[in-house]
Amino acid sequence: MRNATDSGAPAPLIPSERRISVIGTGYLGATHAVCMAALGFETLGMDVDTEKVTALSAGRLPFYEPGLEPLLREQLASGRLRFTTSYEEVADFAEVHFSCVGTPQRADGPGADLAYVDAVVEGIGPHLRRPCLLVGKSTVPVGTAERLASRLAELAPAGQDAEVAWNPEFLREGFAVQDTLRPDRLVLGVASDRAERLLREVYTPLLDPRDGSEPVPLVVTDLATAELVKVAANSFLATKISFINAMAEVCEVAGADVTRLAEALSYDPRIGGRFLRSGVGFGGGCLPKDIRAFMARAEELGVGPAVRFLREVDEVNLRRRAAVADLARELVGGAFRGRRIAVLGAAFKPDSDDIRDSPALAVADRVQCEGAEVTVYDPKATDNARKAFPALAFADSVGKAAYRADAVLHLTEWAEFRDIDPAELSGTVARQRIVDGRNALDAARWRAAGWTFRALGHP
C-alpha cells in the first residue's frame, strides 16, 4: 500500500490520535474526507443518505473525479477513513467537525438555500458532549456563520464550548485532489484564538510541510471576510469569462477575431491569459448560483448597486448559449426541423461528470425543442445527462453520435474531442459542418479536411 506521500499528499505531521469528522459527503465532503485521511487524520465522514454512505464505505464514488476513487480505497484500507449516518457518533468522535453540505439556489428565487447548512447545526448540536469547533466549508451568504454560531450555542448542552469557524473551499472539478492537498491558499475565518489554533493544527502538513515544498499561503480573518472570499473569487472569475464573451459579441459584428484579441490581452500582466477563451460560457454548480446568491444577499444588506454588474455578467453568459444555437441554425439552412445534430459534450466542463447548469445540455435541449433530432456523446457524463434529459438521444462514441449528422456542435472541451481526426469523421456525417462552441479546435485542420467550420467570436 502507498503511504500519503506516495499519493501526492504532504507527509503527515498530525498525531495518530487526532480525529476529525466531515459532515456531508457530496463532491466537496467526500473529497475533503478522503484527503484529510491521506494527510494522516482518523476521519469519519457522515451523511444522512444511506445509499451514499454504503457506496463510499465500499470504495465507490457517486461522482467522477480523476484520482479520487483510488485514494478513497487506499484510505479505507488504511483504517483511517470510515463513514456513518449518525450525528451522535460524529459528535462523540472528534473535536473538529467540517460541514461540507451543499447550498443550491433556492427554488423560489436567486438566493442560496441554506436548509442543508442549518440541518447540520440542528443535527449535531444536541449531541455535543465535548468542546468542539464546527468549520463551515460551504459557500454561504455573508452573515451565515454568525447566525449559525448563535444557534449552535443554543443547542449545545449547558457548559459545552461549541464554536463556528469558516474555511472556504476552492476546488476545481477535475483537480479536486490536487486543490485539497496542495491548495493555492488557505483562508481561516475565526472568532477566537482557540479556533485559530485548532485549524492551524489541522493544516500543519500544509503550513509546515516536511517534504521540502513551499508552505501554503495562509490568510486568517474574521468570519464575514472568510465567507466573502469564495463568492468574491467566483464573481471575479465569472466576470472575466463574461468579459471575453462580450468581446466575442462585438467581434462577430465588427469582423474581428476574438482569439487574437484575447492573445493580445493576455500579454498584459495586469490581465493575464487564464479564462480569456471565449465560448458557450460557464456552468456548473458554483459560478451561476453563487453570483446570483451574492446579488440577492447584497440587496438584503442594502448594497445591491455594488454588485449590480453581476446581473450583466449572468446575462452575457446566458446569451452565449443562444448564440451557439443561432450559429448552428444558420449553418444548417435557417431551421432545425428535420435536421440531425450531434452534440459533443454533456458535462459543464471536461474531466467531470457534473451536468449542473451545463451549457452543452442547455444548447442540446434548445436545438431539440426547435425540431432537430439531437444525439449527445460525453466520455463521463452520459448517465447523469440521460436522467436529467430523457428526451435527448445519447451515444457511446463520437462516431455514433455524429452518424449522418447535418452538423456537429463541440460544446465541452474534452481532450478526446480535440484529438478527433476530421478527415476520418467526414465519412460518418451527412454534412461536414461543425460549430466549435469552445474555441478549442484547430480550425485550419478541420477546414483542410473539407469542413465548414464556425466558432463564436469570429466573423
Side-chain angles (χ1 to χ4, degrees), residues 24 26-29 99-122 134-152 164-173 187 189 191 221-243 245-246 275 281-322 348-349 354-359 361-362 388:
Y27 182 85
L28 168 60
S99 174
C100 298
V101 295
T103 53
Q105 185 173 327
R106 290 175 51 176
D108 60 352
D113 183 350
L114 299 178
Y116 301 112
V117 173
D118 291 337
V120 171
V121 173
E122 299 294 328
L134 181 63
V135 185
K137 292 193 70 68
S138 310
T139 305
V140 296
V142 61
T144 301
E146 185 176 354
R147 178 177 64 80
L148 294 177
S150 296
R151 180 58 179 157
L152 188 64
V164 169
W166 222 259
N167 170 219
E169 57 87 13
F170 303 100
L171 301 189
R172 298 167 297 164
E173 293 195 32
V187 176
T221 185
D222 56 86
L223 295 173
T225 303
E227 290 170 312
L228 281 171
V229 168
K230 179 62 184 293
V231 291
N234 278 354
S235 296
F236 191 92
L237 174 57
T239 300
K240 191 170 185 180
I241 295 170
S242 282
F243 170 81
N245 281 333
F275 304 102
F282 57 79
C286 291
L287 263 62
K289 63 100 174 173
D290 285 354
I291 65 172
R292 294 164 192 161
F294 194 14
M295 286 188 283
R297 182 56 176 155
E299 290 289 348
E300 291 172 353
L301 294 172
V303 290
V307 295
R308 197 163 290 163
F309 69 95
L310 291 176
R311 191 176 309 280
E312 184 61 27
V313 167
D314 197 19
E315 290 175 359
V316 168
N317 187 59
L318 294 175
R319 282 204 303 270
R320 301 320 283 161
R321 302 178 184 192
F348 87 94
K349 63 173 291 186
D354 192 344
I355 63 164
R356 289 175 294 176
D357 206 0
S358 165
L361 289 173

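Proximity of Leu114 to Pro141: side-chain heavy atoms (C-beta onward) are separated by under 4.5 Å at one or more points. At a threshold of 4.5 Å between non-hydrogen side-chain atoms, the residues Val229 and Thr221 do not count as touching.
Annotation for Gln105: atom CD counts as buried by contact number, over 12 foreign heavy atoms lying within 6.0 Å. Around the CZ atom of Arg311, the shell of radius 6.0 Å holds no more than 12 heavy atoms that belong to other residues, nucleotides or ligands. Other residues, nucleotides and ligands place no more than 12 heavy atoms under 6.0 Å from the OH atom of Tyr116. More than 12 heavy atoms of other residues, nucleotides or ligands sit less than 6.0 Å from atom CZ of Phe309.
Using modelled atom types, one finds a donor on one side chain and an acceptor on the other under 3.5 Å when comparing Thr103 with Lys289.
Ionic pairing of Arg297 and Glu227 is not present here: no N-O contact between side-chain nitrogen and carboxylate oxygen is shorter than 4.0 angstrom.
Nearest heavy atom pair, residue Ile291 against residue Pro288, reads CG1-O, 3.4 Å. Minimum heavy-atom separation, Ile355 to Ala388: CD1-CB, 3.6 Å. Considering every non-hydrogen atom in both Ala191 and Leu223, the closest pair reads CB-CD1, 4.4 Å.
To the nearest 0.5 Å, the span separating CG on Leu148 from CG on Asp118 amounts to 6.0 Å.
Distance alone, capped at 3.5 Å, places no donor-acceptor pair between the Asp222 side chain and the Gly189 backbone.
Qualifying salt bridge (Lys or Arg N to Asp or Glu O under 4.0 Å) partners for Arg321, counting only residues two or more places apart in sequence or in other chains: Asp357.
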